[in-house]
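Quick notes on the structure that follows.
Note that the numbering runs from 1 along the sequence shown for the chain.
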Amino acid sequence: RRREELEKVKKEKEEACSVGQNFMRLYEEEARRRKGTEEELNKVAAEKDAASSVCSEILLLLQSYTRRHGIPSGFSDEDSVTRQPPSYFICPISQEVMREPRVAADGFTYEAESLKEWLDNGHETSPMTNLRLAHNNLVPNHA
């Protein structure tokens with residue numbers, strides 16, 4: 001009987017060790033993943049800082065250049081509140097500044113999502129001219 005108890009305890013000990021080893025393996029994997037994520041975040045933060053530094057240098061150079069050549073400096077804080085974007089930045093459908101401008105078959109530029117919605121709603125005509133569109137292909141407007 002004592003031998004059976006010893007065997008049972010030995011088996012329980014082995015199972016506990018196995019569970020402990022699995023736990024340690026999982027813990028080490030998680031620690032490696034977290035370390036990798038932390039390194040990636042540090043890398044992105046360093047890149048952001050570098051980009052910010054470059055932007056600051058460019059802004060200083062631009063300000064210096066505009067002062068030296070008598071060019072108006074552009075926007076003041078007040079201008080940024082009251083000044084409107086150029087009309088060609090505004091989508092004729094949504095009346096909002098375009099983020100993904102696309103040229104349609106009619107030659108006009110629209111916000112991609114707005115024109116896709118226009119076409120998905122069964123329209124086959126230009127929102128600007130009301131003439132039938134030759135095709136529904138949209139070309140990015142990088143200009």
Less than 3.5 Å apart, which donor and acceptor atoms pair up between the side chains of residues 52-61 and the rest of the protein, not counting sequence neighbours?
from, atom 1, to, atom 2, distance (Å)
S56, OG, S52, O, 3.1

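Considering all non-hydrogen atoms of both residues, S114 and S94 come closest at OG-CB, 3.5 Å. Minimum heavy-atom separation, Y88 to M98: O-CE, 3.3 Å. Here the closest non-hydrogen pair linking C91 and E111 is SG-N, 3.4 Å.
Applying the salt bridge (Lys or Arg N to Asp or Glu O under 4.0 Å) criterion to R1, with sequence neighbours excluded, gives E5. The ring-ring contact (aromatic ring centres under 6.0 Å, His included) test applied to Y27 returns no partner, not counting sequence neighbours. Not counting sequence neighbours, the partners of E100 by the salt bridge (Lys or Arg N to Asp or Glu O under 4.0 Å) test are R102.
No side-chain heavy atom of L138 sits under 4.5 Å from any side-chain heavy atom of V103. Between D106 and P127, some side-chain heavy-atom pair lies under the 4.5 Å cut-off. With a 4.5 Å cut-off on side-chain heavy atoms, S126 and Y110 count as touching. Side-chain contact between L119 and L133 is present, with at least one heavy-atom pair separated by less than 4.5 Å.
Taking CG of L26 as the start and CD of E28 as the end, the distance is 9.5 Å to the nearest 0.5 Å. Here D120 contributes atom CG and E117 contributes atom CD; the two are 8.0 Å apart, rounded to the nearest 0.5 Å.
I90 and I93 fall into different hydrophobic clusters, where Ile, Leu, Val, Met, Phe, Trp and Tyr are joined by side-chain heavy atoms under 4.5 Å apart, directly or via other members.
Looking at T66, its side chain does come within 3.5 Å of a backbone N or O of Q63 through a donor-acceptor pair.
For the ring-ring contact (aromatic ring centres under 6.0 Å, His included) condition, the pairs that include at least one residue of residues 119-143, sequence neighbours left out, are W118-H123. Every pair passing side chain to side chain donor-acceptor pair (under 3.5 Å) that includes a residue from residues 30-49 is listed here, sequence neighbours excluded: E30-R33, E30-R34.
Just one residue in the list E7, K8, E15, K13 forms a side-chain contact (heavy atoms from CB on, under 4.5 Å) with K11, and that residue is E15.
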